[in-house]
Amino acid sequence: MTEPPLVADVKENKNKFIKGTFAVVGIMSTLVIYGVLQEKIMKVPYGSDHEFFKHSLFLVFCNRITTSAVSAVFLLTSKKTLDPVAPIYKYAVVSISNILTTTCQYEALKYVSFPVQTLAKCAKMIPVMIWGTLIMQKKYKGPDYFLAVLVTLGCSLFILFPGASEISPYRNGRENTVWGVSLMAGYLGFDGFTSTFQDKLFKGYDMEIYNQIFYTTLCSCLLSLTGLMMQGNLLMAIDFVTRHKDCFFDIALLSTVATASQFFISYTIRTFGALTFATIMTTRQLVSILLSCVWFGHPLSVEQCVGAIIVFGSLYARGFLKRRPEKSLPSIHKSDEEAAVPLKAIA
């Protein structure tokens, strides 16, 4: 017997609300925890002797090996092919770029605060547009460039006018040191290339998302392990986490939530679309900044507050005014993960 239209609409709306709540809670919880943990690992001392964890490449290795294992299990249980769809060297290009992205991100936390780093990520639109033009021959409209410039202006205010200086074992003076800003610039450049090249792989090959995840993260495991061994940091990192069990727990949890976030991100984009996902991600960045300021005591200047309002106001305004996804901005808002969904969340 067919249900009355009113009853069917109520059930559909209730079902949509439950799915939406599941997606929002999943993304917000995993990625906010991820953000807090990466700052804690890199900037808070461990043990009675107040040792700092310095091996950012080891974090990359742990994250990637966890994601690689999970994606392999998914491919095997779903009976999908494990064979590479594209030439291995193309997976390796994505992998190298992503390792550099993530390493710059972790290293930057030694010189700038997490709020500065998080807001600076919003400026990734400009490098993505540059790489999109060079690699994909994409064309962008005037409003796209205006939004990118406006967001970058807000980010610049946030970076150039920090609050009271914080104590750090890695730097002297103000937060916006040349080295810290250079690392963030490297992060934005490599991150823009990673998402654009992944987008090109998806368009050029009939490729399952988890096939790309498996091979890129597998390459990342091998490359990061090689880097650790060449630097002589592998045994030092293992010794550190052996002596500081709480650090081992933090790294294990970091890798777990990074991998878990992939499910929620893919589910959200598939169920609600990229625009809803972009709105959730913008909210997540704002919550991460506020939580970091409260948890780790980061002071914000008046100029930083103005910069944050400009950035998030611009992003939210674009989201609310946009009636449907524009084809001209496919990769700009594939943020913290979209065509390149998998790797962006764990970056």
Side-chain angles (χ1 to χ4, degrees), residues 31 34-39 41-43 54-61 63-64 93-132 134-135 148 151-160 162 168 170-171 175-199 216-217 220 223-224 227 254 258 261 281-282 284-285 288-289 292 298 307-308 311 315 331-347:
L31 293 184
Y34 176 83
V36 172
L37 279 174
Q38 67 174 337
E39 182 172 17
I41 293 170
M42 297 304 298
K43 301 196 75 170
K54 302 177 182 180
H55 314 292
S56 55
L57 197 56
F58 185 74
L59 297 181
V60 178
F61 172 71
N63 285 355
R64 298 305 182 264
V93 169
V94 175
S95 176
I96 292 171
S97 178
N98 189 252
I99 286 177
L100 292 172
T101 298
T102 311
T103 302
C104 284
Q105 173 179 290
Y106 287 137
E107 287 294 312
L109 280 174
K110 297 177 179 179
Y111 305 93
V112 300
S113 70
F114 180 76
V116 169
Q117 185 195 78
T118 300
L119 199 78
K121 290 178 182 180
C122 297
K124 68 173 64 177
M125 286 184 286
I126 287 184
V128 166
M129 292 170 76
I130 293 173
W131 285 118
L134 294 176
I135 297 177
V151 170
T152 302
L153 173 64
C155 292
S156 299
L157 284 174
F158 203 89
I159 294 173
L160 296 176
S168 169
Y170 304 104
R171 62 173 172 81
E175 275 190 339
N176 53 319
T177 59
V178 173
W179 185 231
V181 173
S182 298
L183 286 167
M184 284 309 303
Y187 163 82
L188 293 172
F190 290 125
D191 183 68
F193 175 83
T194 301
S195 60
T196 305
F197 198 80
Q198 283 183 290
D199 196 12
T216 52
T217 53
S220 295
L223 291 171
S224 56
L254 181 78
S261 68
M281 289 303 297
T282 302
R284 168 253 168 174
Q285 289 175 312
S288 294
I289 288 176
S292 178
H298 297 299
V311 171
L315 295 177
S331 47
I332 288 181
H333 291 284
K334 291 169 181 184
S335 146
D336 264 23
E337 305 91 25
E338 307 81 338
V341 170
L343 290 184
K344 310 225 63 61
I346 57 178

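Numbers here are sequence positions counted from 1. Being a predicted model, the structure only gives us computed values, none of them experimental.
- Here I99 contributes atom CD1 and L57 contributes atom CG; the two are 6.5 Å apart, rounded to the nearest 0.5 Å.
- Taking the side-chain hydrogen bond (donor to acceptor under 3.5 Å, both in side chains) definition, one finds that S224 meets it with nothing, sequence neighbours left out.
- Minimum interatomic distance between Q38 and Q105 (heavy atoms only, all atoms of both residues): OE1-NE2, 2.9 Å.
- Ring geometry for F61 against F58 counts as tilted: the plane angle lies between 30° and 60°, on a 0 to 90° scale.
- Using a 4.5 Å heavy-atom threshold, the side chains of R64 and L223 count as separate.
- Taken from OG1 in T101 to CD1 in I96, the straight-line distance is 11.5 Å, to the nearest 0.5 Å.
- Rounded to the nearest 0.5 Å, atoms OG1 (T102) and OH (Y187) are 8.0 Å apart.
- When all heavy atoms of Y106 and M42 are compared, the closest pair comes out as O-CE, 3.8 Å.
- Note that CG of N63 and OH of Y34 are 5.0 Å apart. Values are rounded to the nearest 0.5 Å.
- Side chains of S220 and S95: a donor on one and an acceptor on the other come within 3.5 Å.
- Summarising the geometry, atom NZ belonging to K54 is positioned 11.0 Å from atom CD belonging to E107; distances are rounded to the nearest 0.5 Å.
- The heavy-atom pair separating S97 from F193 by the smallest distance is OG-CD2, 3.3 Å.
- From I41, atom CD1 reaches atom CG of L254 across 4.5 Å, with rounding to the nearest 0.5 Å.
- Residues that satisfy the side-chain hydrogen bond (donor to acceptor under 3.5 Å, both in side chains) test with T103, not counting sequence neighbours, are absent from this structure.
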